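In the text below, chain A, chain B and the rest are named by the order of the sequence lines, each starting its count at 1. Predicted model only: the values in this text are computed from it and were never measured.
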Amino acid sequence: MAPELLEKKKAERREGLPPLEDVGGNGVVMRFAPNPSGPLHIGHSRVVILNDEYVRKYGGKFIVRMEDTNPAKVYPEAYDMIPEDMDWIGAKVHEYVIQSDRFDLYYKVARELLESGHAYMCDCDQDEWREKKAHKIACPHRDQPLEKNLEMWGRMFSGDYAEGEVSFVIKTDINHPNPALRDFSALRIVEEPHPRKGTKYRIYPLMNLSVAVDDHYLGLTHVLRGKDHQNNTFRQEYIFNYMGWKIPHYIHYGRVKIEGAQLSTSVMKEGIMDGTYTGWDDVRLGTLRALKRRGIRPEAIRKYWVEVGVKQVDIQFSWENLFAYNREIIEPEAERYFFVADPVRMEITGAERITGEAPILPNRPENGYRTYNLKATEGVIVVYAPGKDVGGKEGLFRLKDLCNIEIKNGRAIFAGNDLAAIKKGAKIIHWTPADSLPGELLMPEGTKLTGLVERGILQGSGEMVQFERMGFARIEKRGKKGIKAVFAHR
RNA sequence: GCUCCCGUAGUGUAGUGGCCAAUCAUGCAGGCCUCUCGAGCCUGCGACACGGGUUCAAAUCCCGUCGGGAGCACCA
């Protein structure tokens, strides 16, 4: 028998995203529909990446649609921040659409729905209406004649009603077993001025109307949305069916639980206002701006979400896994330096001169070395070491890439340069020469570590560095007076 | 209360009836390495929620239980 037949066949492991169904010759048309209430955060990035990946894979069009049909939730600067974030994350957007430019279209469709008997005008008390619906009871307006609906429609537009007094309701099935799917409002009065349109409009669509209308008129073929929209999809399907439109493929992905970063736009906004946060790129926030500042590469975020995929399972976001992908990207190019936090001054005796060198990039020695040439003044050579490593401790230590020292009775004595010391149990620590620069390292919790950084960092130019034995960091400021860096991860 | 969705190692993921005593990544533990709490190499740890059924055969199909999530707004 041929040997290959004896071997166990391993099933091919699927790479990348699962294929999309029913892709036509012109590819796909997909959308990302953010509410412009603030900049994008890590949660948004999932659907952005997924859409972008599919449009790249199949060709077609990626539309970003600003869903600003609730003036109270609009943060005007977001109209500019979102495209910036899309660019940073590396998404290729073919078209931007703003819903507040399309009110007339929503009115037109709503009017058609009213005339075809699939909707009604209702001025019931909101609470009573909801209560009736919960018990499968139709409100008196549900079956009123078209003339009456048209009359109320006209009065809504002419200003006879105040906010909250009337709404345009789409009929579904008042007896539907799923209470979430019984008749729903689709147009309501909003008096608050719109950041882009001022007081031009008073009648605002609710998302189920505007989304259905736009998904149709923008020609969407496939829509990715969170599982929390499942019922909205069912509601919108009523509109599609009433209008005789072809329904795009709606694909629902599971909820993502993200811990360890602030994602609530309102909390972030408030915190920035009152000074709790330094801005939208405060490292404690989960915004893309904050991640950028922390040295997280968009490619790592992309890889992470592609790996997670589009399943309906709810998942736990893993910073560890994201960092692992990021590390893979930055590790080869992050220049190595020593940063000593909480430095302890050490006076090494027993040597007049100590020299050493260390590669700037361990895997690319051709990129050069940091060289150390320390000379004694009045019999001592001064270096600084991390308080947590040497504070109050004794024994044999290896100053990485320099020499061994023996700490005894609080004094440091030169102990040769034999690497065998490591085998004998000498703890490897990092250190910094006497002429080092002040350094500040901003940690993800918002705290700052202060310490010393070796001068060689001034020769470097890369954005990302690795402070050996501490982790990767992004350099924000580099100058003769010192450096400021933001911690990324180990 | 009603309705919908989901349930593979710590985390994410592959797997749609036999090739699964279950894939890959990450994590963790140990080892190697003339020097990092980084990288690389090697070894190990670790999962089909549970119970029935269908079948010669089930992670994969059916039913039930349990567990998780979502919705029932004139927010998105």
- Query: Looking only at atom C1', what distance separates B:U23 and B:C32, rounded to whole Å?
  - Reply: 27 Å
- Item | Between B:G69 (P) and A:Gln312 (CD): distance, integer Å | 16 Å
- Of all the choices, B:C4, B:U36, B:A76, which nucleotide is nearest to the side chain of A:His229 once you look at every atom? B:A76
- Task: Just do the ring pair (Phe, Tyr, Trp, His ring centres under 6.0 Å) check on A:Phe62 and A:Tyr54 with the steps written out, would you?
- Result: CA-CA 9 Å; A:Phe62 185 15; A:Tyr54 277 124; over 10 Å; no
- Of B:G71, B:C5, B:A25, the nucleotide closest to the side chain of A:Lys227 is B:C5
- Query: If every non-hydrogen atom of A:Ser37 is compared with every non-hydrogen atom of A:Thr265, which pair is closest and at what distance?
  - Reply: O-CG2, 3.1 Å
- Query: For B:C74, does either OP1 or OP2 sit under 4.0 Å from a side-chain N or O belonging to A:Ser167?
  - Reply: no
- Query: Below 4.0 angstrom from OP1 or OP2 of B:U34, is there any side-chain N or O of A:Arg398?
  - Reply: no
- Of the nucleotides B:U13, B:G38, B:G27, which one has an atom closest to the side chain of A:Pro362? B:G38
- Message: Any donor-acceptor pair under 3.5 Å linking the side-chain atoms of A:Thr233 with those of A:Arg225?
- Response: yes
- Query: So A:His489 and A:Phe323, would you call those rings parallel, tilted or perpendicular, with 30° and 60° as cut-offs?
  - Reply: parallel
- Query: Less than 4.0 Å between a side-chain N and a carboxylate O, is that true for A:Asp214 and A:Arg31?
  - Reply: no
- Task: Step through it carefully: locate the ring centre of A:Phe103, locate the ring centre of A:Tyr204, and say whether they are under 6.0 Å apart.
- Result: yes
- Message: Could you check whether A:Tyr337 and A:Glu335, counting side-chain N and O atoms only, form a donor-acceptor pair closer than 3.5 Å?
- Response: yes
- Note on the structure: Whole-Å distance, A:Asn363 CG to B:G38 P, equals 13 Å
- Is there a donor and acceptor pair, one atom on the side chain of A:Glu307 and one on the base of B:U26, closer than 3.5 Å? no
- Message: By the 4.0 Å heavy-atom rule, please label A:Lys388 as base, sugar-phosphate, or nothing.
- Response: base
- Task: Classify the nucleic acid contact of A:Leu419 as base, sugar-phosphate or nothing, counting any heavy atom under 4.0 Å across all strands shown.
- Result: base
- Message: Nearest to the A:Arg188 side chain among B:C4, B:G38, B:A76, which nucleotide is it?
- Response: B:A76
- A:Ala485 and A:Ile475: which non-hydrogen atoms are nearest, and at how many Å? CB-CD1, 4.0 Å
- Task: Return the value, rounded to whole Å, for the distance between atom CG of A:Leu322 and atom P of B:A25.
- Result: 18 Å
- Item | Distance between C1' atoms of B:A73 and B:C28 (Å, rounded) | 46 Å
- Query: Hey, do the aromatic rings of A:Phe317 and A:Trp305 have their centres closer than 6.0 Å?
  - Reply: yes
- Can you tell me if the side-chain N/O atoms of A:Arg14 get under 4.0 Å from OP1 or OP2 in B:G15? yes
- Say you pick atom C1' in B:G38 and the same atom in B:C45; how far apart are they, in whole Å? 23 Å
- Note on the structure: Between A:Asp228 and A:Ser318, the residue closer to the 5' end of RNA chain B by nearest nucleotide is A:Ser318
- Query: Are A:Lys311 and B:A14 close enough that a side-chain N or O sits under 4.0 Å from OP1 or OP2?
  - Reply: yes
- Ignoring backbone atoms, establish whether A:Arg327 has a side-chain N or O less than 4.0 Å from OP1 or OP2 of B:A39. yes
- Task: Check every strand shown and say whether A:Gln230 touches a base, only sugar-phosphate, or nothing at a heavy-atom separation below 4.0 Å.
- Result: sugar-phosphate
- Establish, from distance only, whether the side-chain atoms of A:Asp68 and A:Tyr79 form a donor-acceptor pair under 3.5 Å. yes
- Message: Does B:C6 have its OP1 or OP2 closer than 4.0 Å to a side-chain nitrogen or oxygen of A:Arg255?
- Response: no
- Of the candidate nucleotides B:G71, B:A25, B:U8, which contains the atom at the shortest distance from the side chain of A:Asn231? B:G71
- Take atom P in B:G44 and the same atom in B:G53, then report the distance between them in whole Å. 37 Å
- Roughly, in whole Å, what's the span from CE in A:Met121 to P in B:C74? 14 Å
- Item | Atom pair distance, as rounded to whole Å: CG in A:Asp314 and P in B:U11 | 13 Å
- Task: Nearest-nucleotide wise, let me know which of A:Glu328 and A:Pro205 is further upstream toward the 5' end of RNA chain B.
- Result: A:Glu328
- Query: When rounded to the nearest Å, what value does the distance between P atoms of B:C33 and B:C42 take?
  - Reply: 15 Å
- Is the A:Tyr372-A:Trp431 ring centre distance short of 6.0 angstrom? yes
- Query: Rounded to the nearest Å, what distance is computed from the CD1 atom of residue A:Ile170 to the P atom of nucleotide B:A73?
  - Reply: 16 Å
- Message: Taking only the P atom of each, what is the distance from B:A22 to B:A49 in whole angstrom?
- Response: 15 Å
- Message: Suppose you measure atom C1' in B:U43 against the same atom in B:C62; what distance do you get, rounded to whole Å?
- Response: 43 Å
- Describe the nucleic acid contact of A:Val190 in one word from base, sugar-phosphate, nothing, applying a heavy-atom distance below 4.0 Å. nothing
- Item | Side-chain donor/acceptor contact of A:Arg469 with base of B:U36 under 3.5 Å | no
- Item | Interatomic distance where CG belongs to A:Asp389 and C1' belongs to B:C37 [whole Å] | 10 Å
- Message: Once you apply a heavy-atom cut-off of 4.0 Å, does A:Thr69 come out as touching a base, just sugar-phosphate, or nothing?
- Response: sugar-phosphate
- Message: Over all strands shown, is A:Gly164 touching base, sugar-phosphate only, or nothing at heavy-atom distances under 4.0 angstrom?
- Response: base
- Message: Between B:C63 and B:A58, how many Å separate the two C1' atoms, rounded to a whole number?
- Response: 15 Å
- Can you tell which of B:U13, B:U36, B:A76 lies closest to the side chain of A:Asn70? B:A76
- When the distance from CG of A:Asn326 to C1' of B:A25 is rounded to whole Å, what number comes out? 16 Å
- Query: Starting at the 5' end of RNA chain B, what dot-bracket string do you get if Watson-Crick and G-U pairs under 3.5 Å are bracketed, crossing pairs use [ ], other-strand pairs use | and unpaired bases use dots?
  - Reply: ((((((((.[[[..)..(.....]]]((((((.......))))))...[[[[[..)....]]]]])))))))....
- Taking only N and O in the side chain of A:Lys133, is any of them less than 4.0 Å away from OP1 or OP2 of B:C74? no
